[in-house]
Trainee: 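Below is the structure I would like to discuss, written out as structure tokens.
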There are 2 protein chains.
Amino acid sequence: MTQARTGTPRERYRDQVRAEIKEHAREQIATAGASALSLNAIAKRMGLSGPALYRYFAGRDELITELVRDAYRSLADTFRAAAASGADLTGLARTMRSWALADPQRYFLVFGTPVPGYHAPADVTRIASETMAVIIDACAALPDEGDGPTAFDAHLDGHRQWADGHPASAAALRRALSFWTRLHGVLSLELAGHFTGMSFDPALLYAAELDGLSAH
Amino acid sequence: MTQARTGTPRERYRDQVRAEIKEHAREQIATAGASALSLNAIAKRMGLSGPALYRYFAGRDELITELVRDAYRSLADTFRAAAASGADLTGLARTMRSWALADPQRYFLVFGTPVPGYHAPADVTRIASETMAVIIDACAALPDEGDGPTAFDAHLDGHRQWADGHPASAAALRRALSFWTRLHGVLSLELAGHFTGMSFDPALLYAAELDGLSAH
DNA sequence: AGATTCAGTTAGAGGCTATCACCGCAGCTA
DNA sequence: TAGCTGCGGTGATAGCCTCTAACTGAATCT
């Protein structure tokens, strides 16, 4: 967090102000959602006048894109760190849930409602595939399940270039996809508040879905 | 669709204009997302001046809430119709997917990123529980799985009032929750475009997840 | 020291939500 | 049928917002 001691004084200043803008933006999004993000409000809170921020970001869209990028980056880094310290699939699931609960709006920045026109820049999808690679690794490390390959496994074997040349078996790829979709299913509904009023513990549902994943 | 032949002429006119406003709003949301909904733009397209719409809706929020309500209503009606014509759990899954693909933004109106402050009105959650009841019915009709009750089943048995007094077994409730979360997991990621670039067929992943649900 | 670059300013165009005061007609009532 | 009332619609206006343009002053580079 405390590097950026490089470059000219001007560059350092610029980076610092950019970071401060993003900090305010994150706070604003966390409390009111991404659609309520206002450059003007950020400027005012920083003691600047509105147009000043356009020296640092081309516009609202670029700022949001930057925050989306950071969110992807944060998720990928968190996953890689967890894997590096020996987390198995269960550990990754726990990591995922902690990361999501720590800042729900950050989660929605990555997995939330898309704006119809918008296409994420290429590096974002590259970061996403880093995350996916960690998941696939963990799935490949799991013991084989008794049953033979599924029908879907066969299909996956023919369409696996999204795995970026990962040598895992089709069954591992399928498990990775299931890991992703099932946990996202629980998490996104929980974070969106669809379980409020139902008194059961979402953490237990999450754990149950994870169990079904390993045991098949 | 062609009822509303009731009430005074004024009421009929009023209902018709309200419907026309909602029609334009739906179209606008479908093409640009809910955050881009503009009362002004709708008014212009209808040949009215901005403030005229405030005779029909208290404001932007009320219009959106109304569309959310309609989306919930549409989902519940679609499910009940499917169940009434004999659809089993697989049929309901197909119904869900068709409904979602027919209008992704309508799906996100129900299951998308929530605005932090917002709380859905009571009738919306009541409509949601109608939908849930249909799913639970279908799950209760399924044959028991061999394995005994899960740990999560025990927890659910103690926290089942959300099922609105439905007499289904805890295992059926668990299956209903899994049905919901798993299919939502695949659908929401697909609709959000997270599978684009991965060449596999989302429909097959959806089917695979559904299989895992019945077979456990 | 002089030229240049860059952060920040004000002014302003154009869009939005929302309120207000006003007008004119449709529809109800005497 | 004549008149009153209420409703749909209007323009004006306030107060947000994003974003551009022209300008200023100071830090940096040569």
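Just so it is clear, the values below take in all heavy atoms, side chains as well, and ignore hydrogens, waters and symmetry mates. Here is how names work: the chains are called A, B, and so on, in the same order as the sequence lines, proteins then strands, and each is numbered from 1.
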Trainee: Would a 4.5 Å heavy-atom cut-off, applied to side chains only, mark A:Asp123 and A:Tyr72 as touching?
Mentor: no
Trainee: Checking all strands, does B:Arg14 fall into the base, sugar-phosphate, or nothing category for heavy-atom contacts under 4.0 angstrom?
Mentor: sugar-phosphate
Trainee: Check if the side chain of A:Arg10 and the base of D:dA27 share a donor-acceptor pair of N or O atoms closer than 3.5 Å.
Mentor: yes
Trainee: Any idea which of D:dC17, D:dG8, C:dG8 is nearest the B:Tyr13 side chain?
Mentor: D:dG8
Trainee: In whole Å, I'd like the distance from the CZ atom of B:Arg18 to the P atom of D:dG8.
Mentor: 11 Å
Trainee: Check whether any side-chain nitrogen or oxygen of A:Asn40 sits under 4.0 Å from OP1 or OP2 of D:dC16, and answer yes or no.
Mentor: no
Trainee: Answer yes or no: are there more than 12 heavy-atom neighbours, outside B:Arg94 itself, under 6.0 Å from its atom CZ?
Mentor: no
Trainee: Using only side-chain N and O atoms of B:Ser49, determine if any of them is under 4.0 Å from OP1 or OP2 of D:dG9.
Mentor: no
Trainee: Which whole-number value in Å describes the distance from A:Glu20 CD to C:dA7 P?
Mentor: 15 Å
Trainee: Using whole Å, what does the distance between atom C1' of nucleotide C:dG12 and atom OH of A:Tyr54 come to?
Mentor: 14 Å
Trainee: On DNA chain C, does the nearest nucleotide to B:Pro51 precede the nearest nucleotide to B:Lys44 from the 5' side, or the other way round? Give the residue.
Mentor: B:Lys44
Trainee: Could you tell me how the ring of B:His184 sits relative to the ring of B:Tyr107: parallel (under 30°), tilted (30 to 60°) or perpendicular (over 60°)?
Mentor: parallel
Trainee: B:Glu11 has an atom CD; how far is it from atom P of D:dC7, in whole Å?
Mentor: 10 Å
Trainee: Reading DNA chain D from 5' onward, which residue's closest nucleotide shows up sooner: B:Val17 or A:Ala41?
Mentor: B:Val17
Trainee: Starting at CD1 of A:Ile21 and ending at P of D:dT18, how long is that distance when rounded to a whole Å?
Mentor: 13 Å
Trainee: Looking at every non-hydrogen atom in both residues, tell me the closest pair between A:Ser199 and B:Trp162 and how far apart they are.
Mentor: N-CD1, 4.2 Å
Trainee: Using the salt bridge (Lys or Arg N to Asp or Glu O under 4.0 Å) rule, take B:Asp70 and B:Arg106 through it: C-alpha gap first, then chi angles, then the decisive distance, then the call.
Mentor: CA-CA 9 Å; B:Asp70 286 355; B:Arg106 182 181 55 181; over 6 Å; no
Trainee: Using whole Å, report how far CG of B:Asp15 lies from P of D:dG8.
Mentor: 11 Å
Trainee: Identify, between B:Arg55 and B:Asp61, the residue whose nearest nucleotide on DNA chain C lies closer to the 5' end.
Mentor: B:Asp61
Trainee: Grab the CZ-P distance between A:Arg45 and D:dC16 for me, whole Å please.
Mentor: 15 Å
Trainee: Rounded to whole angstrom units, what separation is found between the CG atom of B:Leu39 and the P atom of C:dG15?
Mentor: 16 Å
